[in-house]
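Right, one structure below, let's go through it.
Below, read A as the first sequence line, B as the second, and so on, with proteins coming before strands; counting in each chain starts at 1.
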Amino acid sequence: MALADFFISLMTFVTIYSLFALGLNVKFGFTGLIDFGHVAYFMIGAYVTVFLAMPAGISSTYEGLSGLGLATMFAGVPGGDLLGWGLALVLGMLAAALVSLLVGIPTIRLREDYLAITALGIATILNAVFHNERWLFNGAFGIREIPRPLAGVFPIGTGSFQLNLLIFGLPSVLALGYVGYRTVKVVRPLSAREATLGVGATLALAGSLIFVITTMLGLVVNLGIFSLNVDNTIAFLLLVGAVVLGRQALRETDHVGSLLALVSAILFSLWYLGQPLVELVTEGNTSDLLLNLFWLYDANAGSAGGLDYDRFFFLFTLVLLAGAYWWVQRTVNSPYGRVLRAVRDDETVPEALGKPTFRYKIQSLMFGSALAGAAGGLWAANIGFIDPTQFASTVTFFAYTAVIIGGTANNRGVILGTAVFWVINSGTRFLDDFFPSEYAQQLAALRLILIGALLIVILYYRPEGMLGEQDYDIDLGRGGVSDD
Amino acid sequence: MASAGLLDAILQGLITGTIIAAGALGLSLIYSIAEVPNFAHGDMITIGAYLTLALNKPGAVPFVPDFGGLPLVAAGIVGITVAGGTGAVYELAIFRRFRSKGADLITMVIVSLGLALVLRNVVLFLVGSGNINYNTERVTNTNVELYLTGNGLSVQTVQRQAGDLVTLGEWGYGWLSLLVIVGVAIAAGVAVYRWRTDDTGFETVHLVSPRVLGVAAGVATLAVLATVLQGAPHAIDAAAWSTSVGVSIKYGVILGLTLVTMLAMNLLLKGTRTGRAMRATADNMALAEIRGVNIDRIQLVVWVIAALLTALAGILTGWFASNLNPNMGFSLLLPIFAAVIMGGITSPYGAVLASLIIGVSMDVGVFLLPAEFATYRTAIAFVILIAVLLVKPEGLWGDV
């Protein structure tokens with residue numbers, strides 16, 4: 001798989017899980033509800049959307065309730081299957097919200113730790129129901145034939161290579177450029193000395209990683225014992241250098257965020273552009289570099305290239321995420337959102353002011369669950385196969401980790417945290433290639449150990465997360481006295 | 001040949017309940033004294049079970065030299081001790097730091113969640129996700145079959161040996177002796193309870209609660225009389241009602257070990273200075289500190305004891321089910337939390353009682369419900385928990 005394809009599929013994961021985590025942030029970050037059963041609404045969204053969208057009698061191995069076929073209902077209208085699928089998605093969100101209403105009414109008054117364990121239990125039971133009841137949605141066998149919106153339309157292209165490259169390639173380059181511009185703006189507060197230290201540390205780290213990987217490869221292939229050879233020594237020295245430079249940089253700077261942005265920008269560029277650049281220099285092979293630069297353009301789609309379905313779906317989820325982000329931002333920035341935050345900080349205060357806090361909490365729960373349901377519907381369409389094991393309670397814990405890494409009660413932080421989480425969890429999959437395949441499970445476990453440890457470390461050193469709590473449009477003023 | 005019935009389900013449930021109780025006792029200590037709703041408790045159980053596996057079956061765990069393995073008892077003792085050490089590590093490396101920063105309940109929940117993720121994946125990393133069991137002798141089940149006939153109760157003990165059913169013993173009780181046995185047992189129980197509650201006053205502290213002593217006296221009398229008054233067996237062809245109860249030496253060991261552990265815990269909490277300090281800390285940490293209680297030491301003791309208890313629960317679970325897997329602890333987490341909340345989080349005795357109730361209702365529920373509901377065993381514990389939270393959120397036992 002080309003790097004750009006991998007990049008696209010990783011980013012699709014990130015956008016879907018960001019949507020999921022945004023829903024959690026509404027509940028946990030802004031209202032203070034510890035819902036450890038968040039994944040249940042993800043699952044309900046996925047199943048209900050698929051159930052509504054898929055036609056009846058879709059395959060002989062499916063023995064669950066027969067689908068309603070919303071996706072084919074509007075087949076006559078142009079873009080009809082998108083309309084039908086969208087309707088199914090909206091109904092899936094509604095279903096998730098309704099279930100959370102049913103769960104919330106008896107449990108939402110509970111103390112936070114009781115709520116956490118109760119929600120976890122309800123999610124576990126719901127998962128067991130979906131797993132065991134084959135008449136419902138085919139039980140453990142899952143659903144294989146999942147309708148995907150506009151699947152028949154793609155790939156699209158104009159038929160002319162140059163025109164395709166211009167239409168799809170130019171926005172790709174512009175998007176990369178825009179991200180670069182934003183990164184520069186974030187990095188700017190660093191002084192030249194800090195920047196040098198940061199760059200040095202990153203390069204040393206990357207170098208030592210490359211050496212370690214080649215060494216590990218040799219180690220595993222030869223089954224030899226770790227010995228003090230040249231590669232190991234260089235890797236070790238580089239690692240020491242990275243640690244020394246990194247510590248110095250962290251000690252001198254007041255802009256930890258800028259430094260981290262610089263480090264990740266360099267690592268990303270090395271990974272995404274550096275590798276093909278080496279190929280260009282050594283072998284004169286430009287294709288990988290161009291493919292990565294024009295990441296929206298897929299040369300293998302159609303006769304003259306174009307936009308393939310995966311890339312379209314990424315853009316589609318991105319648009320939905322942007323919509324959800326705008327919706328959540330509007331909510332938390334409104335007077336309504338201010339009440340939610342007051343409920344989180346001290347429930348007695350809004351209650352004393354006559355706010356029906358119970359209703360606010362239920363509404364927040366339903367809103368967050370609806371977003372999780374939307375993420376579920378997208379997840380099903382993206383992955384093309386769902387079964388109950390995909391919705392284990394670890395998914396909720398991943399979302400908590402993402403929210404806390406990025407910054408609780410910060411919507412931008414949630415997206416950043418989700419990206420960081422999935423880059424650690426999935427982006428490092430390419431490292432698996434350097435180990436024999438029987439170690440895949442070990443490597444997966446190792447990643448989760450890292451993530452669990454990261455969660456604890458972040459909570460200790462930076463409990464507000466990478467970005468901290470966000471600013472709000474409406475500030476509370478100073479003790480009720482207006483300045484103007 | 002009688003078939004298994006309600007009585008068998010109740011006994012099974014009691015055993016399940018005692019295993020849950022070992023975990024719930026530790027969780028209730030952590031919950032009330034360290035004030036951590038410990039979501040890593042289930043995975044601490046797994047760690048305890050696998051530590052013992054590493055000594056019992058060293059070949060199955062990497063990085064452990066294959067020395068052939070210790071017998072389960074020895075491995076268990078060493079495993080539980082090492083697990084106690086891990087408890088100290090959790091407290092010193094993680095929870096003490098967060099406590100000194102004044103972390104709130106939500107933070108502690110999520111920290112314990114992170115720890116849970118680490119612990120489970122350490123097991124996955126080292127041993128893998130497969131099912132495995134301890135290297136120990138096979139235990140044969142004995143079926144105690146009860147027949148109710150016109151002349152009284154008749155008992156047969158039956159064991160399957162090399163594929164054949166062998167009757168080991170056969171005896172009976174007449175109606176009169178049955179009446180005497182049950183009557184005297186109840187009378188003994190009530191008498192002991194009355195005797196212990198005689199001197200009720202504000203100053204009185206019972207080492208063992210009179211209710212517990214009463215039940216114990218009743219059960220002991222029942223057992224003694226049932227042995228003494230054994231008579232000739234009756235003809236069982238025309239039995240009006242019959243049932244079969246499976247028992248094995250495992251049941252006795254699990255019940256006995258857990259009982260001894262609980263007594264020891266009781267002695268510690270009520271009879272020692274440390275125990276008094278622990279209870280004071282649970283009541284009010286700041287006040288206890290002012291009165292000269294070394295909070296850090298108490299918390300360390302709590303985590304070590306809780307880890308010892310989880311390891312015991314893990315070994316018993318693995319041995320009872322003849323199966324260990326990395327998810328074994330997590331699947332116990334829900335019943336354990338249900339028991340602790342149901343018993344009232346500040347009361348270890350309530351936690352034990354609630355564990356027994358939950359264990360029994362899980363197994364009796366599975367027995368009573370149609371066969372296709374057997375997979376919802378944990379769900380039963382949960383329905384009870386939710387009902388308790390809605391009706392009586394302070395728990396069954398109240399404060400102790």
For the side chain of B/D43 and the backbone of B/T46, is there at least one donor-acceptor N/O pair under 3.5 Å apart? no
Interatomic spacing from CZ in A/F130 to CG in A/D387 - rounded to 0.5 Å: 12.5 Å
Once the angle between the rings of A/F397 and B/F330 is folded into 0 to 90°, is it parallel (under 30°), tilted (30 to 60°) or perpendicular (over 60°)? perpendicular
Given 3.5 Å as the limit, does a donor-acceptor pair link the side chain of A/R341 with the main chain of A/V332, or not? yes
Look at the side chain of A/N127 and the backbone N and O of A/F391, then say whether any donor-acceptor pair between them is shorter than 3.5 Å. yes
Max heavy-atom pair count under 4.5 Å with chain A, selected residue of B/I94, B/I106, B/T107: B/I106
At a heavy-atom separation under 4.5 Å, does A/Y460 approach chain B through its side chain, its backbone, both, or neither? both
Top contributor to chain B contacts, counting heavy-atom pairs under 4.5 Å, from A/L455, A/L454, A/I449: A/I449
Most contact-rich option vs chain B, by heavy-atom pairs under 4.5 angstrom, among A/I117, A/I125, A/L448, is A/I117
Identify which one of A/I105, A/L101, A/T107, A/I108 satisfies the side-chain contact (heavy atoms from CB on, under 4.5 Å) criterion when paired with A/L365. A/I108
Close approach to chain A in residues 25-42 of chain B, criterion heavy atom under 4.5 Å: B/Y31, B/P37, B/F39
List the atom pairs, with distances to 0.1 Å, where a side-chain N or O of residues 29-36 of chain A and a protein N or O form a donor-acceptor pair under 3.5 Å, not counting sequence neighbours.
{"unit_1": "A/T31", "atom_1": "OG1", "unit_2": "A/V26", "atom_2": "O", "d": "2.8"}
{"unit_1": "A/T31", "atom_1": "OG1", "unit_2": "A/S364", "atom_2": "OG", "d": "2.7"}
{"unit_1": "A/D35", "atom_1": "OD1", "unit_2": "A/G37", "atom_2": "N", "d": "2.8"}
{"unit_1": "A/D35", "atom_1": "OD2", "unit_2": "A/K27", "atom_2": "NZ", "d": "2.8"}

Contacts of B/D104 meeting salt bridge (charged side-chain N to carboxylate O under 4.0 Å, His left out) (sequence neighbours excluded), chain-then-number -> none
Residue, of A/S393, A/A445, A/A453, A/P106, that accumulates the most heavy atom pairs under 4.5 Å with chain B: A/A445
Does the A/T124 side chain pair with the main chain of A/L120, one donor and one acceptor, at a distance under 3.5 Å? yes
Donor-acceptor under 3.5 Å (A/N132 side chain, A/A128 main chain): yes
Partner chain B: residue of A/R111, A/R109, A/H131 with the largest heavy-atom pair count (under 4.5 Å): A/R111
Using heavy atoms and a sub-4.5 Å threshold, report which of residues 110-120 of chain B line up against chain A, by residue number. B/I110, B/V111, B/L113, B/G114, B/L115, B/L117, B/V118, B/R120
Side chains of A/P388 and A/F137 in contact at under 4.5 Å (non-hydrogen atoms): no
Any heavy-atom pair between the side chains of A/H38 and A/F28 that's under 4.5 Å? no
Which atoms of B/Y376 are under 4.5 Å from chain A, going by heavy atoms: the side chain, the backbone, both sets, or neither? side chain
For the pair A/R344 (side chain) and A/L340 (backbone), establish whether a donor and an acceptor sit closer than 3.5 Å, ignoring hydrogens and angles. no
Under 4.5 Å from a heavy atom of chain B, the part of A/I404 involved: side chain
